There are 2 protein chains.
Amino acid sequence: MIKPRSRRGGGRPTISDVARRAGVGAITVSRALREPERVSEELRRQIQAAVNELGYVPDPNARALASARAEVFGVLVPSLTNNVFAEVVRGIYDSLSASPFRIQLGNTHYSGLEEERLLQLFGSQRPAALIVAGIDQTPPSRKLLESAGCPVVQVMETGPDPVDMMVGFSHLDGGRMATEHLIEAGYRRIGFIGARMDPRSQRRLAGYRAAMEDAGLFDPRLVTTTPVLSSVSLGREMLRDALAKVPTLDGVFCNNDDIALGVLFECHRASIAVPKTIGIVGFNDLDMMQVAFPSITSIRTHRYEIGRRAVAMALAAIAGNRPEQRIVDLGFELKRRESTAR
Amino acid sequence: MIKPRSRRGGGRPTISDVARRAGVGAITVSRALREPERVSEELRRQIQAAVNELGYVPDPNARALASARAEVFGVLVPSLTNNVFAEVVRGIYDSLSASPFRIQLGNTHYSGLEEERLLQLFGSQRPAALIVAGIDQTPPSRKLLESAGCPVVQVMETGPDPVDMMVGFSHLDGGRMATEHLIEAGYRRIGFIGARMDPRSQRRLAGYRAAMEDAGLFDPRLVTTTPVLSSVSLGREMLRDALAKVPTLDGVFCNNDDIALGVLFECHRASIAVPKTIGIVGFNDLDMMQVAFPSITSIRTHRYEIGRRAVAMALAAIAGNRPEQRIVDLGFELKRRESTAR
DNA sequence: TCTCGGGATGGTAGCGCTACCAATTTTGTG
DNA sequence: CACAAAATTGGTAGCGCTACCATCCCGAGA
């Protein structure tokens, strides 16, 4: 019986086509492409020529199937549009673009259950590494991560008990520093305004609370939170709520910069002088913070660098030399600006 | 010779394990999973039980290899952090999350060459569909898209000559409407401020120019552009430049909302009254535009919906019923706000 | 001269799944 | 009730690639 040239695939050149053209065995082509130093100079050139002539591109699916390892990094973030995670993803993407690894993106929508589902799904692909945002995985998720059989990097936060590796910073310390800055600047009735109270925001709040208690200024009525997704317009509304509760409010530490911007706009609208009557501090230090009028004090975090670092650590682990420092704290910086310059 | 149970794969259950457990053939399991209606009620239940007990998850790589079609949507955008494209990606992601399709994300960094490289790479995976931002592909890119052998959707813009399908709107019309609005509001020396002059921005500029010429108001000195990546801080600087060139400037149509926000802040800083002395119009209508003080007039675009629509069209095409309307114009809306209420 | 080690190359046998077709059972029809 | 048609199930043969092992060739050392 005559075997058809190719039953299904669209006639795209395969590794055997290249091998035939170059007059070598298929396996040698495979080697020339993956471990060039193990193939003689001459064959390597011949093979490269055949590859170019045919326009051969290896099929990543066949490769993954044969080697039981996909050249894929699984990346889990809670939001695609939140600029903070977009920056992390950009860092990961840029660091990976020169490598053969692709990115498999998952959006958990801040849901533990969705995270479990995605982890389950990603596991079936035998990824080369997993990068997940946060350190508060549910027990099933944690188990999945531990049995993933690949390097795992938890990003955005640091904590005492990594699944494998970690890159981030302390949100509690960030919240504390922001609050202490307000206190030092002379503010006393300092509110906390936070939307989308995910675990990281909770820790910023804990930092706020610690600082306030240390200064003997804490009052639960100063805290205004909501589970609603954060946005600039929400910041505006929340300042109104906070002022309704505590008319003597003279400062706010915002959960993030979007909220801070909304707060600033509401101050303008209500003719509340910033920083004179109310001081404002944000979190993350988006570009617009330094441009706002008045410019807004914020905690600068290193999102892009976190993404890059996570990839670097994962790649090192894949290459066999696992970094000895498993927890990397990239810290943060307080950017003092006009909004707290009383 | 004894065949080892599994030479490589980490002992994860395969389709044959499920088949054995359910007492059926492997192919029936495959069918039960992909086309349940073609398997009897009873077997379906048995198989589902076996799947659950074993925790079986199909290997997408093997699946892709066998069926010569990966369950992957290739998505090409020029930026991951630009909120506009993040929204498109979110729409795509959400529409795809209930389907078996995954997303393969590519960041072209606004580079035609990078786009070609990524298209070449994506092609090797035989994606189920391709979604690409923009309509200005280079000739090689266009050829790659045409020969991709899968549905292709160009998004964010509409134009006369789709590779396959299109979802977007007319940036030229958007630019024209924004400018006409300023003219109607009584502004005369209306500037155009644009960063990152990609093809879409170019067309917005063309719309601006058309409107200005129609009104007999066009003056090349009113146009200020830069290839630099757009940001709020850049908006601030560019307004300064524009005012230095044309001190009588009394309105600006900004390339996008980031620029518009920067312009607004600079006006505050320089004590220029908005909308009295200068009117401002942005583009895209990000959430913050309606909260800003004064709130900023902008062209509302439907990014999330574009993503959803693109997926819907691609899925329909995959299912065999290609939508008869190949070009979908989702339009835009002018949101009139305080920044132009003279 | 002969053996041995090591580098270069190739053959074989799958990886886990599905396309294709064959076999079997069930249902419908006159 | 016989026979065709439809529905259901299974076997076989790869998809394109790489792990594993065998083979070959060369120069070094005995």
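A note on names: the letters A, B, ... follow the listed sequences, proteins ahead of strands, and every chain is numbered from 1. All values derive from a computational prediction rather than experimental measurement.
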**Prompt:** Quick one: on DNA chain D, does A:R34 or B:T28 contact a more 5' nucleotide (nearest heavy atom)?
**Reply:** B:T28
**A:S67 side chain, from C-beta outward: closest of D:dT9, D:dT18, C:dT9** = D:dT18
**Complete:** When rounded to whole Å, the CD to C1' distance for the pair B:E71 and C:dT18 reads 12 Å
**Item:** Interatomic distance where CD1 belongs to A:I27 and C1' belongs to D:dC21 [whole Å]
**Value:** 11 Å
**Nucleotide nearest B:R38 (side chain, heavy atoms from C-beta), chosen from C:dA19, D:dT9, C:dT9** = D:dT9
**Request:** Measure from CG on A:L33 to P on D:dG16 and round the result to the nearest Å.
**Result:** 16 Å
**Prompt:** When you measure from the side chain of A:L43, which nucleotide among C:dT9, C:dC17, D:dG16 comes out closest?
**Reply:** C:dT9
**Prompt:** Take atom CD in B:E42; do more than 12 heavy atoms of anything else shown fall under 6.0 Å from it?
**Reply:** no
**Request:** Rounded off to whole Å, could you give me the CG-to-P distance for the A:N61 and C:dC15 pair?
**Result:** 18 Å
**Asked** Could you state the CZ-C1' distance from A:R63 to D:dC15, rounded to the nearest angstrom?
**Response** 16 Å
**Message:** If you assign each of A:A26 and B:A62 to its closest nucleotide in DNA chain C, which residue comes earlier from the 5' end?
**Reply:** A:A26
**Message:** I'd like to know if A:R31 reaches the base of C:dG10 with its side chain, counting only an N/O donor and acceptor under 3.5 Å.
**Reply:** yes
**Request:** Ignoring backbone atoms, test whether A:S40 places a side-chain nitrogen or oxygen under 4.0 Å from the OP1 or OP2 oxygen of C:dT9.
**Result:** yes
**Request:** Step by step, work out the salt bridge (Lys or Arg N to Asp or Glu O under 4.0 Å) result for B:E87 and B:R90.
**Result:** CA-CA 5 Å; B:E87 286 279 346; B:R90 187 169 67 89; 3.0 Å; yes
**Item:** Pair B:S30-B:R34, side-chain donor/acceptor within less than 3.5 Å
**Value:** yes
**Request:** Find the distance B:E35:CD to C:dC17:C1' and express it as a whole number of Å.
**Result:** 14 Å
**Asked** So does A:R309 have more than 12 non-hydrogen atoms from other groups sitting under 6.0 Å from CZ?
**Response** no
**Request:** Starting at CZ of A:R12, measure out to OG of B:S147 and round the result to the nearest 0.5 Å.
**Result:** 8.5 Å
**Prompt:** Using a cut-off of less than 4.0 Å, is there contact between a side-chain N or O of B:R126 and OP1 or OP2 of D:dG16?
**Reply:** yes
**Complete:** Here the distance between atom P of C:dG11 and atom CZ of A:R20, to the nearest Å, is 12 Å
**Asked** For B:E41 and C:dT26, what is the distance between atoms CD and P respectively, to the nearest whole Å?
**Response** 17 Å
